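Okay, so here's the structure we're looking at.
Quick caveat, the model's predicted, so the values are computed rather than measured.
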Amino acid sequence: MGDADISDKSAKQFHQAAGLFAQGRYPEAAAALAPAAEQGDREAQNLLGIMYLNALGVQQTPSQAAALFGMAAASGLKEAHYNFSNLLYNGLGIKRDEALAQEHLIQAGRAGHRPALRALGYLYHLLGNREPQWARLSTDCFRSAADAGDPLSKYTLGLRAQRGDGAEQDLSVAAHWFRAAAQDGVYLASARLAELQSMGWNSTYRDSREMADRSNHAVTLLPFRLPGPAVFTSQNEVAFVSEYPQVLDTYLCDHLINVTAPQLAPSGVVDPRTGIAMKSELRTSYSMCFQASMYDGVMAQIAVRIASIAGVSPECAEPMGVLRYSPGQEYQPHYDYYSDAQHEAQRVTTVFVYLNDVLEGGGTEFPRLGAIVKPERGKAVKFMNCDASHRPNPDTLHAGLPVIRGEKWLATLWFWDRPFIWFS
């Protein structure tokens, strides 16, 4: 059989498998993808890698996902460059390698991959306060992704126009992109439009054709070096509880809200004896937990910032949880501590970050300390679930007080005394 015949056969196998995947027939899809992937079909390699990463029809095996993404990326598939970079940034299934991750991310961005351009926009943004060129390049990345239809980039481009970051402040431009993002269902976009109106902006936004004329241009993606882990200074320390203002900025806070809002579900609690999630009347919020495939270069940087507060490696963190409390919702007094007897590990530290300002209520109370922490956007709160001997600390009893007006959003990382085992 010639090379052309093999290529044609693998292409047919991939299309058959993709159809099965779209129908949710994952085991059959995986079985159909395997031979095409073995024959070098890069689309099959990438899709099968996604299935191994997310345990869709196969056992969750991030190392196999990394191998498949690497092969597909070597063949030039932009989606595989992006997926491979995410695993490299976060050390999932492969050793962390930020330099190599950046190379693959830039390759995907240069090929016009929208999530890659968005991720680069955020990573360049983290450098924006150091040199103006990075702020401009950040805006250019978001603009390219937004022009290509990426909803989250439309929102972030609106935020940059509203604030004048990396471009001239222009509320009409901001309104255009917020409106476009709202039409795409981005959670915070409508609230941002209302905010513009409260600022006194009431003129008709510019025609979308004019916006396109201003936006269509090539973006030159540059290699970069992110700063090391930030050093944050604690404030308002009470016993083992400490607060750290401005750990995440408005962009990162809003990004976490917009990414997770569509995936929220009623919150559960963890049984401290078994570690199994269950429903409880103690907790009336909505929440979601990040899956491995949601960890990209941006999430890696967020995890590094929060881990620097915990004083441990990001590898010790559970998958991030994001919660939303609406008026009347709360989390009654509880503990975060529990141990994993199977792996002889303990959850020793909690760090959470408020993602927005709450209009009224929603504080975090430590009743045995007589302390209440006030929600403030970007502020992290750390407390130790164990004492120096790793025994549970009974004074860590804490509660999420009911929200009275507005919403409360927060992101939480729980840290163990050793690298957390994601995949059994």
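Inter-residue side-chain proximity for Tyr82 and Gln107 is flagged as unmet; no heavy-atom pair is nearer than 4.5 Å. Using a 4.5 Å cut-off on side-chain heavy atoms (C-beta onward), Met199 and Leu171 make contact. In this structure, the side chains of Val353 and Tyr244 stay at 4.5 Å or more apart for every pair of heavy atoms.
Cation-pi geometry between Arg160 and Tyr251 is satisfied (NZ or CZ under 6.0 Å from the ring centre, within 45° of the ring normal). Because its NZ or CZ atom is both nearer than 6.0 Å to the ring centre of Tyr325 and within 45° of the ring axis, Lys408 counts as a cation-pi partner of that residue.
Of the residues listed (Phe352, Phe240, Phe383, Tyr335), the one engaging His398 in a ring-ring contact (aromatic ring centres under 6.0 Å, His included) is Phe383, and it is the only one. Exactly one residue among Tyr338, Tyr337, Tyr331 makes a ring-ring contact (aromatic ring centres under 6.0 Å, His included) with His334. That residue is Tyr331. Applying side-chain hydrogen bond (donor to acceptor under 3.5 Å, both in side chains) to His125 and the options Thr139, Asp165, Asp249, Thr156 leaves one that passes, Asp249.
At a cut-off of 3.5 Å, with distance as the only test, a side-chain donor of Thr364 or Tyr354 sits close to an acceptor on the other residue. When only modelled atom types and interatomic distance are considered, Glu376 and Gln246 share no side-chain donor-acceptor pair under 3.5 Å.
By the 30° and 60° cut-offs, the orientation of the rings of His255 relative to Tyr122 is tilted. Ring-plane geometry between Phe178 and Tyr155 is classed as tilted, the angle between the planes lying from 30 to 60 degrees on a 0 to 90 degree scale.
Minimum interatomic distance between Leu413 and Pro319 (heavy atoms only, all atoms of both residues): CD2-C, 4.3 Å.
Using a 4.0 Å cut-off between charged side-chain N and carboxylate O, Glu315 and Arg96 make a salt bridge.
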How far apart are the C-alpha atoms of Glu318 and Arg347, what are their side-chain angles, what is the distance that settles it, and do they pass the salt bridge (Lys or Arg N to Asp or Glu O under 4.0 Å) test? CA-CA 9 Å; Glu318 293 179 37; Arg347 183 198 271 177; 2.7 Å; yes
